[in-house]
Every structure is written in structure tokens, then in C-alpha cells.
Amino acid sequence: MEDHGIQKKLEEALGRLNKPLISRNRKNRILAEISNKLPEIKEENIYALLIAKIQELARQIILPISTQIYVKEKLLAFLPNPRFFGWKILARRLAYIMIFILVFTGVFAFMKQPEPVFAAPATFIESVQGDIEIVRGGKVLVPAQNFRLKARDLVHTFKDSSVSIHFLDDSVARLSENTEIRIDRLFVNPRDKTETIVELYLKQGRLWAKVVNLINDFSKFQVKAVNAVTTAKKKAAFDINVQEKGKTKITALQNAIDVSLATKKKKVVETTLVNGFAVEIKGPVASVPKAKKITEEAWIEKNIKEDKAYVGKLMERDKETRQETAKTTVSPLQTLSETTKTILGIKNIEKEKAKLKAAEVRLIQAENLLAASASPDETKVLLQDFYKLIAEISERIKQLETDNPEKALELRSAVEQKIKGYKKQFTLFVPTNPLYPLKEMLMEVDIVLASNYAEKSEKKLEQAGEKLMEVTALTVSGNTDLANQALQKYQEQVSEIVSDVKLLEDSQKEEVVSTLIEKKTDHLKILEALAAEMKFKAPPVLSSGQIRGIALQEMLEQIKQVKEESITKVGEAVLETTTVGDSNQPSVAILEKLEEIKQLDVNGQPVIDAKASNLLNISATQEQPPIAQEPAVVAVPVAPVEQSQESVIDEIKSDPFSGVTVITIEAVPSEMD
Amino acid sequence: MQHEHRSLKTYAKQEIENLISKAKKGDKEAFAKIYDIFVNPIYRYLYYRVDSHEAEDLLATIFLKVWANLNKYREGEASFSSWIFRIAHNTLIDFYRDNQKVEELSDAVVDNKKENSSTHQIETKLQNETLKKALSSLKESHRQVILLKFISELSNEEIAQILGKSENSLRILQFRALKALREILEKMGIKEW
């Protein structure tokens, strides 16, 4: 209390004291001192202002959002796993990315959206049975049919429930009961709707995927599981079953899929699985796979049946879209007066676009006649008109490329988008389809649109690959004779391309041969899938009454022959490039590609045996690039089985000390369309 | 598709390190986030050095190199920002080496441009294009420090790691670089900013 009183008195005394005040003179003296220092302060301020200005200007520099998205999508699409690949392979992929970026930022930036030939790409619930849940941003939703799905959605089925999902690339996935997936990526290039990416993560349960009509090298449908990545780049059907953590089984049911497996020890296996083969991974490297019986036929049969119905539905939808496209009105620019068009410099382009519309109308008219099996002569004339009109546009593009490159690109883009749209739809047609002549004509038109020889060769090679897919489809449906013819046609196409290479100028040879080797890798996968199909269909022991069996055996032999001959052709083509330059050797890029083809692995086994490898060896003395060390794989294909039989898998014992990864490859019946 | 508009500075070191750790295991989504964070700072760094189309091309190269070399990045040895900018810097050097025609502008060229360019006679305020030209006539060490410090807004510690200099010598370099830039801008007739 006493202290408090003293403090209070002290405060009062201090309050009574006179406060020091600054005199006017003193104030002026201080101001003068400040003024003397002003230049110095000003100088510092200048730099502060300059820094602020630089920062302000720099913040204005932002990569356009559209380019940011595009560069990112391309990067992610082309990124291999860093554990598998080095910079060399990445650098090669970079070249592709560059092309896409260049095309996107440099070429398409000024272009108008092409008219759609497609149904609008969307991902939605096609059908649902029982209770399913969608988790979106933490919220639980109960979807019904046609519910639109987005990237990052979690889809969960419960006991006795299932769901069918239609993806933006027209693929379909069916989830069995107690299955959980996450939709990781849904991408469609707004400028080229044939460029799509679908990425899913299968957390648990069982997923069937039917990839219907991917036609673009960039596109993929990918399903990841905890220890496996399955990718389809073309038409395919596959089944993935994540039974429990670390136990995943992948079965290919149509064509070929690329599979990467990672064990807990991060050993990685990459292989291509062809129809009728399954691969299973069971966690630790040293675990020994157990013999298994295939007892789940009901799921496979059900899905194969549903796939057929689904493809039929898609074809019907595409047909309706084509009819609508043919009816669509002319573009708004075409309604302008002729004078205005001339002033705007769009007259010629619009004339060509009108020609494109006329060509489309001819195509649809031909389709209607083919569907009605009426007036073959009229159909032929219509298809010829279609070809003629596109050929004229192609000529016009070539002229414009010199006079007005921007307009040439605009026109080329418009035509190519249309053609790609039809290609995606017509890829479902096989030679037994009455509408097949449309596909054949479209292939010719595609070639006539090629801007140079390299592009022409690439397109021819794509078509040869498509022919091989047709062979598989025909074989599956039992049309062995037609399959045989298609296979011969494939062989002719490859021979023609190689013969053409010999006539090319040196400057063009390398690019064409490089594409040839790349595409050949894809073709070999399809040929392997085809051979697998044959093995399943042909009875192992022939009796005199098994005519179909004999034909299949013969075809199997023919496939083997085609494989060898086409590899020889690749060798011949590569030899042609050795005349380029002074070294008398193929370039390093070609040699690297040859190594890739030599290391092609299907069902865990090399596709190119020693004999075939020799066909590819250009010179025994030339230096070969070092062969990348791949993790060891043991893959054991088991003898093919009849559909009604159960397959018994041999037990395979792995060496727990060698670090060898063990995969069981099972044979299952395949009855795909 | 989620796009980040946050500045690089607003990311906690741990936040970035977590993404790197996931990306190292092959998580592309994590890598996509790293891309979102660094795309604009690196684009800016390139923008003032090369043509904008070339900057876009180099950007893809840089991010592919980052992906390919992620496993070589060690936390603690250097910050991720300095590591990624080091890759950007080396890529740029490779680019110059491979494209000899892309010569950096000399003082004389800049002076010439000043005399001949009507834009420069009219413009007295600092604009991005002028800044780009002024930067191109700076000495390489001066240009580097301005790009990294004021344009990419890295810390002195990070810049010291990229350029292999001590932080003290970096401070001196920064001042000299700013002084040189100011002189060039003044020569170009830019006296206000």
C-alpha cells in the first residue's frame, strides 16, 4: 500500500514538470540536415523503385493457362517411370511433346473450333445395379443412370451391386461388387477429340475394361492398381482383379495390353500381354505362386456378351451422329455475301469448306445405300465423288502452303479433324460389315491428304496395323478365309512401303525407316495376339474331319511366316539407310530403335528370337548401342485350353536368392468380337 | 485440372519436399503439382532470355529433366528451388550452345536499336520488352542475378547455391547488376519506372 502511494506522488510530480520543446531554429537545422542527405536517399529510392518495377513487370509474365494445361498434359502423358528409363528415352519423348506444343500453341491458336463429327465426349454412369456411391470432394452422392462423372471422383460398389461407366473415349469399364476406383484423369484435346487419356486407380475389387476405338498414338486407357499398371493403346479388353493388398491379377481378353508390375522390392517387370493370357503378382519377390484353376468364367462371359451389345450401341449412336452431321447447316461465314467474303479473304477457304461438306454428304449418302444394300453403282459413284472432292481440297491445301500457309493450316486442320472423326467411328468396321467400303475409301482419302512422303508412309503403316486388327477380329468370328486374305494384304502393304523406301531420296529415308521400325513394334504385338488367338482355336490334334482346325493351323503357320518376312523387310529398309552419309551404317537413332524392337517382350518372353534378331542385324561389325538391363522375368505360358475346360497352371518355383520376379501366365478362353 | 496461382514464396519447404518425395516414387499427380508451382517462375526466367516460343519448348525440356533426375535430388544438400533453377540454367546454356545463331545482344546493338527504334523514342516508361532488351545487354553474371533475385524472386541463399557464390559476394553483385541495368535503361532513354 505504501509503495502504491509513493508511485502515485511520483507520477503527479512528473506531470507538473515542463516538457522540453524543440525550438524553431533547432527544427530548421534538422530539416537542413535532412535536405543535405536527400540526394543519397533519392538514389536509394531509385533502386527500390526499379526493383519494384522489375518485379511488377515480371509478375505479368505468365504462361497462358491453356498452354500450361497443354504442356502439363503432354508431359504427364509421356512421362515414363523414372525407375525404368533414363534421359535418353525421355529426350526422344520430348520430341513428341515439342510437336504437340508447337501444333497447339503455334498452329491451332488462331483456328476456329472444327465442326463436330463426334458425339460430345463425356464420362457417365451407363448403368447401375444395386447400391453404389460416388465420393466427390468429400461428399457422398448416390448416382443414377447418366450421372456425369469427373476426375477425382471415387466410385464404390457394395455387395451384390455393380456399375458400368462410359468414358469420354467411348471405352467402358464395369465394376463388380465390392469394388472401389478413383478416376485419376479424364482428358480430351478440345482441338482433336481423337486424343484422349483415361487413367483410373483400382483400389480394390474387380474391373473389366473394353477399349473400343483408340486411333491416336497419344491416346491411352490406363488402370493402375497398388502394384500393377495396365495400359491399352488400341482396341482391347482386359480384366483386373485386386483380391487383396498386393495380389493383383490381370487378364487380356482382346488384342494386347501393356503391363508393368512392381513388387514390394521395387523390382519392375514390363511386358505386353496378349489375349487369352493372364498375369498375377503376389507381393514379395520370393513368394512362390500357387497353381490355380480358372473358376470365374461367368464374369468373363457376361462381360464379353455385354461388350458386344455395347459396341453395337456405339455404332448405332455414331450412325445417328453422322446423319445429323450431314444435315447441319453451313457455317455462319458461308452466309456472308460474296463481296464480303472476298474482302475478308475467306472466299477461297469457305469454298473449300463447302466442298468438304459436300464430300461428307456423299459419304453419308453412300452409307445409306450400303446399309439398304441398294444401288451398288450409285454407291460407287458417290464414294468416288467423296474421294475426288477431298483430293481437290488436298491439292488446294498444297497450293496454299506456298501462297498462304496460315490458311493452308486452317483448311488442313478442318479436313483432318473430319477424317479423324470418321476414322474413329469406322475402326469398328470389319470386312464382313456391309459398311466396310466406307472404311476402305476413308483409308484412301487419308493417304491423299498426306503432306509429304514420310507422312504417307506413316499413314500406310497405320493402315497396315489396322488391317492386322481386322485379321484378329475376323479370326475370332470364325471368318478364316477373309482373315487369311487380310493377312496377305497386310504383307503386301509392308512390302510396298519397303519397296518405296528404296526409291526415296536419302534425306527422306531415315525418317520413313524410323517410323517403320516404330510401327513394326506395334504390329508384332498384334501378330502375337493373333497367334495366341489361333492357338486357342486350333485343336492340338487334328483329325480328318477338322477342316476348320486345319485352316487355323495353316494360318498359324502363315502368321509365323508373315512375322519373319516382315522382320526381314524391316532389315532391308534399315539397310537402305546405310547408304546415307559416309559411315555406311544406320544412324544411332535407327540402331536404338532396332534395339527396342529386339527387346520387345510379350507374355514375359522375347518376341524376336535369335533367328529373327539376325535378320535385323545389319552388320556384324557395327557398334550396337548398349542393351539396357531389364529386371529378370520368368513367365510361363501354359498350354491353351478349350473354353469348357478348366485350366490348370503348373506350379512355378522362383529362386528366392536370385531376385527373379515370378509371374504366372495362365491361358484362358477368348471369345472376343 | 487444378491450377495453382500462389507465388513460389508462399509454399512451405515441407509442402514442396512432400511432393518431391511422392514424385520420386513415380507419383505423377505430385509431379503435376510441382509443375504448377514452378512453371511460371521458370517461364519468367526463360522469357527474358529467349523468344517466348523457345521458352515454352525449353520449359517442357526442363520439366522432363527434372522428372528424369528427381532421384538425384537430395534434401538438405540444396533447396529444391535452387536445384530446379540449376537445371533450367544448364538447359539454357545447352540451348545457346546448340543454337549459335541466338547471340546475346551487345551494348553496341542495344545502342543501335535505341537510335533506330521509334518505339524507344516514344516510350520513356519501362515496359517488359524494353526490360528484356536491357537485360540482354547486361553481363551474364549481372543478368543471372537480376533474373534469379528480382524476376524469379529466389532468396540470396538459393541464388548463392545456383551460382556457386558466397552470399556476401552475391550482395555486391546484386548492387552492381542493378547499377548496370539502370545505366543501360538510361542509355535507352528510360528514366522513369
Side-chain angles (χ1 to χ4, degrees), chain A residues 43 46-65 67-91 93-94 97-98 100-102 104-106 151-152 184-187 199 201 224 229 260 262 266 268, chain B residues 1-5 7 23-26 28-29 31-32 35-36 39-48 52-53 55-57 59-61 63-72 125-132 135 146-147 149-153 174-175 178-179 181-182 185 191-193:
Chain A
E43 191 73 3
I46 285 168
Y47 287 114
L49 287 170
L50 177 58
I51 291 167
K53 185 66 188 177
I54 292 171
Q55 287 176 333
E56 182 200 322
L57 289 173
R59 284 182 198 125
Q60 291 167 13
I61 305 299
I62 291 171
L63 190 63
I65 291 291
T67 314
Q68 275 187 46
I69 296 171
Y70 206 71
V71 173
K72 183 160 79 172
E73 285 298 341
K74 294 295 174 191
L75 271 170
L76 295 182
F78 280 93
L79 287 182
N81 190 317
R83 295 200 300 268
F84 315 155
F85 297 101
W87 167 242
K88 222 176 188 181
I89 287 179
L90 278 171
R93 291 181 184 213
L94 178 67
I97 296 172
M98 290 301 134
F100 285 120
I101 293 168
L102 185 74
F104 180 73
T105 57
R152 296 269 156 216
D184 278 348
R185 188 177 295 272
L186 295 171
F187 172 73
E199 282 181 19
Y201 175 70
K224 293 172 194 162
V229 180
S260 299
K266 296 183 183 175
V268 173
Chain B
M1 194 96 40
Q2 197 180 343
H3 276 272
E4 304 288 346
H5 296 286
S7 114
K24 275 183 175 181
K25 290 172 192 157
K28 290 185 188 173
E29 285 301 320
F31 186 71
Y35 169 91
D36 286 336
V39 67
N40 278 318
I42 291 178
Y43 179 66
R44 272 171 212 144
Y45 176 74
L46 299 169
Y47 175 87
Y48 291 100
S52 62
H53 289 296
E56 285 164 17
D57 291 353
L59 204 59
T61 313
F63 278 98
L64 271 178
K65 283 186 178 178
V66 170
W67 175 259
N69 292 291
L70 257 184
N71 283 326
K72 292 181 193 159
K125 277 206 144 192
L126 184 55
Q127 301 292 334
N128 253 324
E129 277 311 300
T130 327
L131 177 61
K132 194 171 178 173
L135 283 170
I146 287 180
L147 282 167
K149 176 72 185 174
F150 306 116
I151 289 172
S152 299
E153 299 188 42
Q174 268 172 33
F175 176 73
L178 275 174
K179 197 164 173 273
L181 179 66
R182 185 189 161 191
L185 287 171
K191 289 174 182 170
E192 288 177 51
W193 28 79

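Protein chains get the first letters and strands the later ones, always in sequence-line order, with residue 1 at the start of each.
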From [X] atom [atom1] to [Y] atom [atom2], the distance as rounded to the nearest 0.5 Å:
{"X": "A/Glu56", "Y": "B/Phe150", "atom1": "CD", "atom2": "CZ", "result": "15.5 Å"}
{"X": "A/Ile51", "Y": "B/Ile151", "atom1": "CD1", "atom2": "CD1", "result": "11.5 Å"}
{"X": "A/Lys53", "Y": "B/Gln127", "atom1": "NZ", "atom2": "CD", "result": "6.0 Å"}
{"X": "A/Ile61", "Y": "B/Tyr48", "atom1": "CD1", "atom2": "OH", "result": "4.0 Å"}
{"X": "B/Glu129", "Y": "A/Leu57", "atom1": "CD", "atom2": "CG", "result": "10.5 Å"}
{"X": "A/Leu49", "Y": "B/Leu126", "atom1": "CG", "atom2": "CG", "result": "11.5 Å"}

Side chains of A/Arg152 and B/Glu29 in contact at under 4.5 Å (non-hydrogen atoms):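 The answer is yes, as the side chains (C-beta and beyond) meet within the 4.5 Å cut-off.
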Please tell me if the side chains of B/Arg44 and A/Gln60 come closer than 4.5 Å, counting only heavy atoms from C-beta onward.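 No, every pair of side-chain atoms sits at 4.5 Å or beyond.
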Determine the option with the most heavy-atom pairs under 4.5 angstrom with chain A, choosing from B/Asn128, B/Val39, B/Leu135.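 Greatest number of close heavy-atom pairs with chain A: B/Asn128.
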Given B/Asp36 and A/Lys72, is the salt bridge (Lys or Arg N to Asp or Glu O under 4.0 Å) satisfied, shown in steps? CA-CA 9 Å; B/Asp36 286 336; A/Lys72 183 160 79 172; 3.0 Å; yes
Can you say whether B/Leu131 sits under 4.5 Å from chain A via the side chain, the backbone, both, or neither, judging by heavy atoms?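 Looking at B/Leu131, just its side chain touches chain A.
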